Protein chains: 2
Amino acid sequence: MNYRILLVEDEEHLRDTIKLNLELEGYTVIATGDGLDALNTIREGRFNLVILDIMIPTMNGLDVCERIRLENRDTPILVLSAKNSSEDRVKGLKLGANDYLTKPFNLEELLLRVGILVKSGLKGTEKEKDLYRYRFGDNEVDFSTYTVTNSKGSFQITKRETMLLKLLIEKKDQVVSREQILEKVWGYDVFPSTRTIDNFILAFRKYFEQDPKNPKHLHSVRGVGYKFTD
Amino acid sequence: MNYRILLVEDEEHLRDTIKLNLELEGYTVIATGDGLDALNTIREGRFNLVILDIMIPTMNGLDVCERIRLENRDTPILVLSAKNSSEDRVKGLKLGANDYLTKPFNLEELLLRVGILVKSGLKGTEKEKDLYRYRFGDNEVDFSTYTVTNSKGSFQITKRETMLLKLLIEKKDQVVSREQILEKVWGYDVFPSTRTIDNFILAFRKYFEQDPKNPKHLHSVRGVGYKFTD
DNA sequence: AGGTTTCTGACAATCGAATGACAAATCCTG
DNA sequence: CAGGATTTGTCATTCGATTGTCAGAAACCT
């Protein structure tokens with residue numbers, strides 16, 4: 001079996017070291033030092049693991065992590081960081097990283113953890129359904145099939161809608177600004193007008209709310225953005 | 001789903017704290033402070049995760065770790081330790097631990113890592129369905145002979161078609177992304193264009209659908225992939 | 001309070017990327 | 001080399017995403 005690993009690390013020397021060692025272990029390694037680059041690469045190819053330094057230029061590494069998770073639920077992510085505060089580790093793990101390693105690290109430990117992650121990803125791309133379901137009101141959303149079920153019946157929503165909904169639910173009870181939404185769901189280089197987001201919310205209200213005019217779950221916060229509550 | 005966790009920790013106070021917190025998260029926790037005890041317990045019951053302090057009395061925690069791995073390949077192990085030397089971490093990971101956390105640790109981080117491990121262990125539980133024959137609509141597919149029988153008659157399909165069809169049927173009612181399809185049917189290092197997959201689906205619709213224009217079994221999910229339903 | 005400005009709701013119109021459809025080229029395998 | 005299997009190329013079509021517009025609601029400011 002040929003395992004493919006995407007390595008995102010900006011320090012050139014370290015990048016080469018890690019790449020070399022992983023290749024000696026038999027992995028195929030694609031390496032880049034840039035976050036945007038990484039996102040593009042991951043969209044094109046398939047990987048068994050992403051090793052991600054969160055202190056990279058161009059964009060925040062944690063955002064890269066979150067974005068990979070919005071688009072792609074399966075690929076394991078191993079986060080590297082110079083910060084050793086537990087808050088940072090917690091933040092990384094919350095955004096969907098599968099493991100977190102602090103620099104400087106023991107190379108052998110890295111290789112061991114890589115081995116563990118790569119294998120765990122293999123066991124089955126499909127995970128338990130419950131992990132991808134979310135219930136609120138009389139709605140049930142299945143993020144793996146893009147399906148919504150409620151009293152009105154059962155229907156499909158689109159990928160974009162799913163990503164946005166996921167983001168709002170992740171940040172439940174918090175206001176998410178339009179900028180944040182654009183950044184996370186659409187990316188750094190695309191800038192649709194703000195009407196677009198409104199239209200998505202509009203659609204959500206039609207899908208999920210008993211009375212779309214008096215939303216119980218999808219609230220507008222004037223001048224800022226939107227907020228999801230149960 | 002009821003997850004069962006075995007907690008092995010000799011400091012009583014810490015043990016109670018962890019146990020309580022895990023239970024608040026909804027896990028069932030069996031706790032013990034003794035290594036031998038732990039081995040006996042794990043032989044009796046099935047667990048989704050073992051949390052193991054390697055500084056426990058009666059026997060060396062690393063030995064316990066090794067024993068568990070010898071007897072039981074699947075159960076994830078999370079090692080706790082006061083030692084923070086990388087050699088110790090490497091030693092633990094080499095003996096089969098899936099993760100390693102140093103005391104004192106952030107409780108939230110522990111809970112997050114527990115969540116990740118418990119889920120990763122699940123993936124393996126799912127058994128590959130051994131499909132031999134499958135019926136849907138007025139079609140009957142025999143995967144061993146690559147033969148399809150329906151009202152239009154009986155004919156052969158190719159190996160690749162069979163692989164793809166099997167994948168879609170295994171993931172019935174779920175959206176299978178193009179990436180997943182490529183990964184499973186073509187492998188990691190082959191990159192045919194997306195048109196290829198489309199053509200296979202096209203063929204399937206001609207084979208299996210009464211009205212290929214309004215497919216009842218092979219649905220497109222725009223921007224993602226395809227979905228099979230009965 | 002009243003008038004002004006800014007923001008969101010609502011929906012129609014438009015655009016463009018993803019897919020459908022099929023032909024042609026290439027790759028295999030015997 | 002023949003013949004099917006697989007892949008690529010091209011154009012048509014469809015559907016989701018985006019923009020534009022306007023009305024009404026909320027905030028702002030004397």
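Keep in mind that what you see is a predicted model, and the values were worked out from it rather than measured. Lettering of chains follows the sequences in order, A, B, ..., and the numbering in each one begins at 1.
Here the CZ atom belonging to A:Phe136 is positioned 4.5 Å from the CZ atom belonging to A:Phe228, to the nearest 0.5 angstrom.
At a threshold of 4.0 angstrom between heavy atoms, the contacts of B:Val221 are confined to the sugar-phosphate backbone, with no base atom among them.
At least one donor-acceptor pair closer than 3.5 Å links the side chain of B:Glu209 to the backbone N or O of B:His217. The main-chain N or O of A:His13 is never found under 3.5 Å from a side-chain atom of A:Glu11 such that the two would form a donor-acceptor pair.
Distance CZ (B:Arg222) to C1' (C:dT19): 6 Å, rounded to an integer number of Å.
Listed nucleotides D:dT19, D:dG9, D:dT18 differ in distance to B:Asn199; the shortest reach to its side chain belongs to D:dG9. Across C:dT19, C:dA12, C:dT8, the shortest atom-to-atom separation from the side chain of B:Asp198 is found for C:dT19. Across C:dC11, C:dG16, D:dT18, the shortest atom-to-atom separation from the side chain of A:Pro192 is found for D:dT18. Here the side chain of A:Lys206 is nearest to one of C:dC11, D:dT7, D:dA27, namely C:dC11.
At a non-hydrogen distance threshold of 4.0 Å, A:Thr158, A:Arg160 from residues 154-184 of chain A come into contact with DNA chain D.
Note: A:Phe200 and A:Phe204 have perpendicular aromatic rings, judged against thresholds of 30 and 60 degrees for the angle between ring planes.
Between B:Arg178 and B:Asp198 a salt bridge is recorded (basic side-chain N to carboxylate O distance below 4.0 Å).
Between B:Trp186 and D:dT7 there is a side-chain polar atom (N or O) within less than 4.0 angstrom of OP1 or OP2.
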